[in-house]
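Presented below is the structure to which this report refers.
Below, read A as the first sequence line, B as the second, and so on, with proteins coming before strands; counting in each chain starts at 1.
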Amino acid sequence: MIDLTDLEKDTITELINIGVGRAAASLSEMVDQPVELSVPSIDFIARFSDAGLIAAPNEVVSAVKQSFDGPFQGDALLVFPEKRSLELVRRLLKVDVPLDSLTDLEQEALMEVGNIILNACLGSIANVLGSPINCAMPEFRKCETRNLLPEETGTAAQKAPPVLMILHVQFNLRQDDIDGYVLFVMDLVSIQTMKELVRKFIEQTLQ
Amino acid sequence: MPHTRSVLLVDDSKFARLLVRAFIEGNFPGWQVDEAEEADKAQSLAAQTQYDYFVIDFNMPGMNGIELGTVLRKAYPAARIALLTANIQQEIQKTVAALGIDFLAKPPTQEKITAYFKAQESQA
């Protein structure tokens, strides 16, 4: 399916590490507390439901999706359990806001968090590989975990190559017990392109 | 006695505008802070008020922050313009620098926003 050498896989993991490190620093600045990150794991899967990420498929999550394109393209998603998202918004606001406006602001605030975190990830990768990546406007949705990537079911799935690269990064705000994860979803063509860029990057670096 | 300044915040995120406004108003009492959620509104506000500062997001519907910054740079050469963006790519930073626009990485924080305006004011 996808033929990555250990070194290529390691390099991609390292690139993501640099990106999420930057993202964690941004999130930590926003919430004024340390943010713990797990080491990203890379999975190649045919269906989202195979990702092994979904402990509770019916859990409602708040998700910010940002599509990106450039040398390779795909979607980046930032996902929080819904029940924690208001708490996160309260954490993010450094100014007093009445509770009713807090709910109004929830979506706005989470989109902005998504925008900052996903850009930090993608931007760091783009900077290392030296290829600009364009990010579309962030989109917000609330849905059950199993419906996060609806395009893989039904007719769209027949058109798209049935391979997803899932880069799974878990983060945790220990003080507030808020956790979430970041997913990158790319199709086969994009994965091959990224693999090629990574191969060249390794070659240049080792010269 | 510091001068009273006027600032136009251009960002499609209400949340981002709310934070930056709070940081400016908390540290620079008396400054006028206006908001626009996209480039068209920003340009029509700029035609009515002579702003000292523009703080512009990059990723917006319609014109992006660099396109808007380029237009504003030409129209208002005396104004200070900063791109406040989550897009930290070197490509963007280089483009912005070449246009004479300052670069501020999101997230906006009290310290970052205050330090930026203080530095500008001390040069003025």
Side-chain angles (χ1 to χ4, degrees), chain A residues 18-19 21-32 35 64 66-68 70 76 78 88-89 91-97 101-102 104-140, chain B residues 9-29 33 35 37-39 55-68 83-98 103-116:
Chain A
I18 294 167
R22 165 96 204 189
S26 301
L27 185 61
S28 172
E29 255 187 282
M30 283 187 270
V31 294
D32 277 334
V35 174
V64 182
Q66 209 155 16
S67 299
F68 58 89
L78 175 72
L88 180 68
V89 174
R91 259 284 171 188
L92 291 164
L93 283 164
K94 306 288 167 59
V95 284
D96 283 331
V97 171
S101 335
L102 196 64
D104 288 350
L105 274 173
E106 182 191 3
Q107 183 171 333
E108 291 269 353
L110 292 177
M111 289 215 333
E112 189 62 4
V113 172
N115 186 37
I116 293 169
I117 292 192
L118 299 175
N119 263 287
C121 286
L122 290 164
S124 302
I125 296 166
N127 284 347
V128 174
L129 291 180
S131 309
I133 297 174
N134 305 309
C135 295
M137 304 289 299
E139 293 166 42
F140 180 84
Chain B
L9 307 177
V10 192
D11 198 315
D12 58 314
S13 167
K14 184 172 146 195
F15 171 74
R17 297 197 307 267
L18 184 108
L19 284 185
V20 178
R21 169 187 282 278
F23 298 151
I24 296 174
E25 287 176 346
N27 284 282
F28 304 95
V33 181
E35 299 179 20
E37 62 280 351
E38 40 77 41
V55 178
I56 310 171
D57 180 30
F58 174 65
N59 214 355
M60 295 185 289
M63 224 186 253
N64 71 36
I66 289 183
E67 291 162 347
L68 176 63
L83 193 76
L84 174 66
T85 176
N87 192 324
I88 46 117
Q89 296 184 50
Q90 279 145 11
E91 190 86 1
I92 300 266
Q93 300 192 35
K94 279 184 209 153
T95 308
V96 161
F103 182 88
L104 292 168
K106 278 189 178 182
T109 59
Q110 180 82 263
E111 298 72 33
K112 203 183 285 175
I113 297 297
T114 309
Y116 173 70

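- Taking all atoms of both residues into account, the shortest heavy-atom contact from B:Met60 to A:Met137 is C-SD, 3.6 Å.
- Taken to the nearest 0.5 Å, the CG atom of A:Asn115 stands 6.5 Å off from the CG atom of B:Asp57.
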Audit row: B:Asn59, A:Gln66, side-chain contact (heavy atoms from CB on, under 4.5 Å) steps and yes/no:
CA-CA 11 Å; B:Asn59 214 355; A:Gln66 209 155 16; 3.7 Å; yes

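- With a 4.5 angstrom heavy-atom cutoff, A:Ile133 touches chain B via backbone and side-chain atoms both.
- Counting only heavy atoms from C-beta outward, the side chains of B:Leu19 and A:Glu112 never approach each other to under 4.5 Å.
- Nearest heavy-atom pair, A:Glu108 versus B:Lys14, reported as atom, atom and distance to 0.1 Å: OE1-N, 2.8 Å.
- Heavy atoms closer than 4.5 Å to chain B are found in both the backbone and the side chain of A:Ala109.
- Using a 4.5 Å cut-off between heavy atoms, A:Met111 does not touch chain B at all.
- Heavy-atom pairs under 4.5 Å with chain B were tallied for A:Ile116, A:Asn127, A:Asn134; the largest tally goes to A:Asn127.
- Residue-level contacts of residues 87-95 of chain B with chain A, in order of numbering, are B:Asn87, B:Ile88, B:Gln89, B:Gln90, B:Glu91; threshold 4.5 Å between heavy atoms.
- No other option in A:Ser26, A:Ala120, A:Ala126 has as many heavy-atom pairs under 4.5 Å with chain B as A:Ser26.
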